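What follows is a set of notes on a single structure, which appears directly below.
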Amino acid sequence: MGDLGVNGMGNPIGKLILYTACAGVPPEYTLPVMLDLGNNNEEFLSDPLYPGIKERRAEGLEYDEFIDEFVEAITQVFPKIRIQWEDFNGNTAVRILEKFRDRICTFNGDIQGTAAIAIAGFIAISRLLHKPFSEQKSLLLGAGVAAFGIAEMIVQKLQKDGLSKSDALSRVHMFDINGLLVASRNDMAEF
């Protein structure tokens, strides 16, 4: 939850409430977990009543080792678990998903969940327009992790509809605060 620290715990609880209310998932099969690796919010770091760790956020190897230990421990206790990663910053979210996606049942709500909803909307619009999805072009306003997930899923859908990867990529464009994302830019996130 970035610099909300443990005050962001309402978000995972809210997600699980939606799973129960909208999808019928029994609440006893859900477990909200917040990984507190510190935060960089000066107000929280100096607040004697802040309930989370009052240290700057761990980074690098220490951060990655913590995530690895968490995954190892939780999968030992719950071997059939599905882990939904939520609200990690862009580079971290992509890195964690890539690391674990072929090892455990895992899902990133920001990358994959948002993309699934967006793709469903794009497919519905294509049907309303009576224009095949494979003929659509997309311009995403924003280039954060959610937009990355949407772009990636659009490319996958276009490929499923018969386009080559290069043709699919040529139909997806992203625009952020500094303009159109092009190969010559050197101010973009790793993902």
Side-chain angles (χ1 to χ4, degrees), residues 1-40 51-53 55-123 140 142-160 165 168-169 172 188-191:
M1 290 299 301
D3 287 333
L4 289 177
V6 298
N7 294 327
M9 187 59 183
N11 193 20
I13 293 170
K15 298 271 183 194
L16 300 182
I17 290 169
L18 287 173
Y19 289 168
T20 298
C22 298
V25 175
E28 62 270 20
Y29 289 107
T30 67
L31 177 66
V33 175
M34 175 169 287
L35 304 177
D36 188 357
L37 285 101
N39 71 78
N40 295 334
I53 295 174
E55 297 175 7
R56 295 216 165 271
R57 186 180 307 114
E59 295 179 0
L61 185 59
E62 180 183 9
Y63 188 100
D64 291 346
E65 287 176 346
F66 183 90
I67 298 295
D68 290 346
E69 287 179 36
F70 167 74
V71 169
E72 183 178 327
I74 199 83
T75 55
Q76 283 179 4
V77 176
F78 303 107
K80 295 181 181 180
I81 193 168
R82 178 188 62 90
I83 300 175
Q84 177 176 335
W85 305 99
E86 193 72 42
D87 296 316
F88 286 81
N89 77 39
N91 290 329
T92 303
V94 171
R95 191 176 76 247
I96 289 173
L97 182 59
E98 289 301 316
K99 182 173 189 174
F100 295 109
R101 76 182 329 153
D102 294 327
R103 293 174 35 198
I104 59 173
C105 185
T106 190
F107 170 78
N108 183 291
D110 297 323
I111 297 171
Q112 296 165 304
T114 302
I117 298 301
I119 292 296
F122 295 152
I123 291 170
L140 301 173
V145 70
F148 165 77
I150 294 168
E152 187 174 57
M153 199 169 283
I154 291 171
V155 169
Q156 291 172 2
K157 171 69 172 131
L158 289 169
Q159 288 180 281
K160 184 177 180 187
K165 184 163 187 173
L169 287 168
V172 180
M188 296 185 288
E190 288 177 35
F191 58 88

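Note that the structure is predicted; figures quoted are calculated from it, not measured.
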Separation between [atom1] of [X] and [atom2] of [Y], rounded to the nearest 0.5 Å:
X   : Y   : atom1 : atom2 : answer
L4  : D87 : CG    : CG    : 8.5 Å
L35 : L37 : CG    : CG    : 6.5 Å
N11 : M9  : CG    : CE    : 10.0 Å
I53 : N39 : CD1   : CG    : 9.5 Å
K15 : E86 : NZ    : CD    : 4.0 Å
E59 : T92 : CD    : OG1   : 9.0 Å

More than 12 non-hydrogen atoms from neighbouring residues, nucleotides or ligands closer than 6.0 Å to CD on E28, yes or no? yes
So the side-chain hydrogen bond (donor to acceptor under 3.5 Å, both in side chains) pairs with at least one residue in residues 67-78 (sequence neighbours excluded) are D68-K99
Pairs involving residues 107-120, ordered by first then second residue, that meet side-chain hydrogen bond (donor to acceptor under 3.5 Å, both in side chains) (sequence neighbours left out):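 Those involving residues 107-120 do not exist here.
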Ring geometry between Y63 and F88 (parallel below 30°, tilted from 30 to 60°, perpendicular above 60°):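 Taking Y63 first and then F88, their aromatic rings stand perpendicular (interplane angle over 60°).
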Between T20 (side chain) and P26 (backbone), is there a donor-acceptor pair under 3.5 Å? no
May I ask you to test the [X]-[Y] pair for a side-chain heavy-atom distance under 4.5 Å?
X    : Y    : result
V71  : I104 : yes
V94  : E190 : no
F107 : I83  : no
F122 : I150 : yes
K165 : L158 : no

Which heavy atom of [X] sits nearest to which heavy atom of [Y], and what is that distance?
X    : Y    : value
G90  : V145 : CA-CB, 3.8 Å
Q159 : A168 : CG-CB, 4.1 Å
P12  : G8   : CD-O, 3.3 Å
V6   : P51  : CG2-CG, 3.6 Å

Using side-chain contact (heavy atoms from CB on, under 4.5 Å) as the criterion, point out the one residue from N40, D36, N89 that pairs with R57. N40
Apply side-chain contact (heavy atoms from CB on, under 4.5 Å) to the pair I119 and Q156, showing each step before the final yes or no. CA-CA 10 Å; I119 292 296; Q156 291 172 2; over 6 Å; no
